[in-house]
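A quick write-up on the structure given underneath.
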Amino acid sequence: MGKTWTLVKKEIFDILRDKKTLVIMVAVPILLYPAIIIGMVLVMNFMMQSREGESYTAAYGNEYRAEALRFQEVYEENQEELDIQLTFQEVPEAEKEAVKDSYDAWIHFMTDGQRVHIEVEYTSTDPNSSYAENALQELADMYCKELLSEKLDEKGLTEDFLYPVTYEAKDSVTVSESAGMSIGGSIGMMLVVTIMLGAFYPAIDVTTGEKERGTLETLLTLPVTNFQMIMSKYLAVSLFACITAVLSLLSLGGSVLFLLGSALAGASEEILHMEPAVFIGWIPILLLVVIVTALLVTAFSMCFCVFAKSFKEANNYITPVMLVVMFASMTAMIPSIQLDGRTALIPIVNVSLLIKQVLAQQMELTLAGVTIGINFCYSVLIIWVLAKMYNSENILFHDGFQSFRLFEKRSEIKKGTIPGTGDLLLSVVVLLLLILYLGTAVSVRSTFGGTLVNQFLILLVPLSVVWYMKSDVKSLFSLKIPSGKSALGGLLLYIGTFLFMLVVTAALTRILPESTQNVEQAFEEILNQPFILIVLVMTIMPAVGEEIFFRGFLFGGLRNRHGVFWGILLSSLIFGAFHMSIVKLLPTAMLGACFAYIGYRSGSIYIGMFLHFFNNLISMAVSKYPEQLGRFLSFLVKKELAGRDLIFMLVIGGLSGALGLILLKKERRDRNP
């Protein structure tokens, strides 16, 4: 800890040398937010005051004089109820176009003796004309009520004759709670964005800045472990992010009090008498939440900055991260989304929702605890990943995403070139865009056809890249006949992974039932196809195409550049993300990791292809013929698995997976003595 603290002080001094960091950390939360909020209130008040003394002109033709005069009488009787002053002007119909600049709206009165039809011509793009139209619409309602009252009096009736039923709704939510719910989403987003800005620039400085200054190599020669070094950087950046978070919370709190006290003054006495004790009691929780959020954002930003070799490149990596965090924090602005047991598990989203519900005085302490705990766990996980990155020289000193060999002429590329990180990233992005545009366009007409197109694209993209880069197909795709021992080990590991997947899927189904229903609906059209076509498109094509792309092209390239661990982790996460379903993300990533590990240990992609085919075949067969196969594989067709079934699967899966790992490791040692 003594060495770590010495490194922390060194990192803090390095960060403080950059005055721009201090400006971002202090000036933004303390000055910018009050300036924005107070300025917004002052501008709105000024606009409202500037409209108070204005009068808007409504013109009418002289042939409507009688109706217009009665209309004016109604206005004069109810003028105090209207917020806008109106002036009526009689203009001959022939002069209407000639003097159109002198009035804001033109009124037509038409009557058949029983009903009066009022038609208003106005210009929606002209604010004055829009204000005049709104006032005339409100005045027309008053005019209607007066005429109605006169006709009822003639018949000796009252308004109760027309409205025999009255309805009144009383909202149990106080005005202060409603105001908190309305502005809470915006406040949460602003707070998260400020914390993000406070963490990003120090994170760039302690990672990319070290590379640019050429001091990273010197640090690595010090008598400290890589973990001590990365923890010192993380603690230093987290300190600045936490300071920014606390300042942001205080600044936003003061700005909100000003907003409630000034902008809403006079609107309701309840707002002016909001219970401060409610918010004071939540201040420790809010401080803890924003501090944990700062820790999470710091870890996340450092993971991306570590890949960059220059400040400019780091900004390019941070920009999409900033957009993702910003959009996640904007979730709280959607009224229908509330903090519950499911949303509390989503990082950044849970923070924004928590702040909204605290302002609305509707927060539960249990959900606040879950939010804090989840974000802290995510932070620990990302720190662990970050420590792994700093143990890899390939990541610290690689050429970043700058080497896109695909942009070079094919004649200049050497034979046997392995796709670099930039080439892999570009290929993933291109494939994703092709699926989103081309595949989705076909899926609109036919889900089955869209799936066919997507599988074709998944096979086409890696083969095209490998051909252009003259890569060694046999080595990159691991095209080798496997041994019997590795095939048996792969099968056992797959069985264990499959049983674990069922347990995870059962848990996710309970947490996210809506996502499960969406997945089932998407397969309805596919299951109506002949089974032979289902086998071709849903089992054989994915077994070949997806294994070639994810376990051959993607895993092979990542393993060559960043090692086996990162190759398995990143290719599996991308494989899960490509299935575009929250409930399928984790189980599919687990399956992808299993196939990648089998391919690495056995040196052959064919085992993964066969197991992928077998996995999809079982899934499609059970979905197509649930009653027939349910007699033999009942645990696959059950809507809900009992606790006894889950425990049995975990035990059998653990034993099978362990035996498979042993066989695969032994096979690897036999091949590489």
Side-chain angles (χ1 to χ4, degrees), residues 47-175 178-179 182 264-271:
M47 293 178 62
M48 294 176 63
Q49 292 174 1
S50 64
R51 293 288 179 186
E52 288 180 357
E54 291 191 15
S55 177
Y56 303 95
T57 303
Y60 59 90
N62 51 4
E63 68 271 25
Y64 305 126
R65 182 178 299 167
E67 290 294 339
L69 291 175
R70 293 188 64 186
F71 199 64
Q72 292 182 58
E73 290 177 3
V74 174
Y75 167 72
E76 293 170 358
E77 294 172 359
N78 301 276
Q79 186 173 0
E80 295 182 357
E81 299 183 23
L82 292 171
D83 296 331
I84 299 177
Q85 296 183 7
L86 288 172
T87 300
F88 293 89
Q89 178 182 352
E90 182 179 328
V91 178
E93 184 73 26
E95 301 178 9
K96 173 183 174 183
E97 292 297 325
V99 298
K100 63 180 180 180
D101 293 334
S102 64
Y103 59 85
D104 299 304
W106 181 274
I107 312 175
H108 294 280
F109 295 93
M110 290 165 278
T111 179
D112 57 3
Q114 295 293 327
R115 299 183 63 186
V116 177
H117 177 68
I118 301 175
E119 183 180 295
V120 177
E121 296 180 12
Y122 75 106
T123 306
S124 60
T125 55
D126 182 0
N128 291 341
S129 184
S130 295
Y131 286 133
E133 190 276 331
N134 290 333
L136 289 172
Q137 185 178 23
E138 189 174 349
L139 183 58
D141 293 336
M142 297 177 180
Y143 185 40
C144 176
K145 290 180 180 179
E146 182 163 322
L147 294 181
L148 180 61
S149 180
E150 291 177 2
K151 292 185 177 183
L152 289 174
D153 290 341
E154 292 176 2
K155 301 292 185 180
L157 301 173
T158 64
E159 290 189 3
D160 294 339
F161 175 77
L162 293 178
Y163 308 107
V165 177
T166 59
Y167 176 81
E168 181 180 4
K170 293 185 177 180
D171 192 355
S172 60
V173 177
T174 64
V175 178
S178 178
S182 299
L264 302 178
S268 173
E269 291 295 324
E270 293 185 55
I271 297 180

NE2 on H108 to CE on M110, rounded to 0.5 Å: 6.5 Å
Can you classify the ring geometry of Y75 versus F88 as parallel (below 30°), tilted (30 to 60°) or perpendicular (above 60°)? perpendicular
Point-to-point distance, once rounded to the nearest 0.5 Å, from CG of L139 to SG of C144: 11.5 Å
The criterion is side-chain hydrogen bond (donor to acceptor under 3.5 Å, both in side chains); which residues satisfy it with S149, sequence neighbours excluded? none
Sorted by chain and residue number, the side-chain hydrogen bond (donor to acceptor under 3.5 Å, both in side chains) partners of E133 (sequence neighbours excluded) come out as none
Could you walk me through whether F109 and R65 pass the side chain to side chain contact (heavy atoms under 4.5 Å, CB included) check? CA-CA 9 Å; F109 295 93; R65 182 178 299 167; over 6 Å; no
So does A105 get a backbone contact from the side chain of S129, meaning a donor-acceptor N/O pair under 3.5 Å? no
Hey, does K155 have a side-chain heavy atom less than 4.5 Å from the side chain of K151? no
A side-chain contact here means heavy atoms from C-beta on lying under 4.5 Å apart; do V120 and W106 qualify? no
Do E67 and Y143 pass the side chain to side chain contact (heavy atoms under 4.5 Å, CB included) test, and can you show the C-alpha distance, the side-chain angles, and the key distance before you say yes or no? CA-CA 11 Å; E67 290 294 339; Y143 185 40; 2.7 Å; yes
Residues that E150 engages under side-chain hydrogen bond (donor to acceptor under 3.5 Å, both in side chains), provided they are two or more places apart: R70
Backbone of D104 reached by a side-chain donor or acceptor of N128 within 3.5 Å: no
Are any of the side-chain heavy atoms of E146 and F71 separated by less than 4.5 Å? no
To the closest 0.5 Å, what do you measure between OG1 (T123) and NZ (K100)? 8.5 Å
List for me each residue that meets salt bridge (charged side-chain N to carboxylate O under 4.0 Å, His left out) alongside K96, sequence neighbours excluded, and say none if there are none. E121
Any chance you could measure I107, atom CD1, to Q89, atom CD, to the nearest 0.5 Å? 11.0 Å
Are any non-hydrogen side-chain atoms of Y56 and Q85 less than 4.5 angstrom apart? no
Only counting residues at least two apart or in another chain, list the ones meeting ring-ring contact (aromatic ring centres under 6.0 Å, His included) with Y122. none
Residues that Y103 engages under side-chain hydrogen bond (donor to acceptor under 3.5 Å, both in side chains), provided they are two or more places apart: none
Residue pair S55 / T87, side-chain donor-acceptor N/O under 3.5 Å: yes
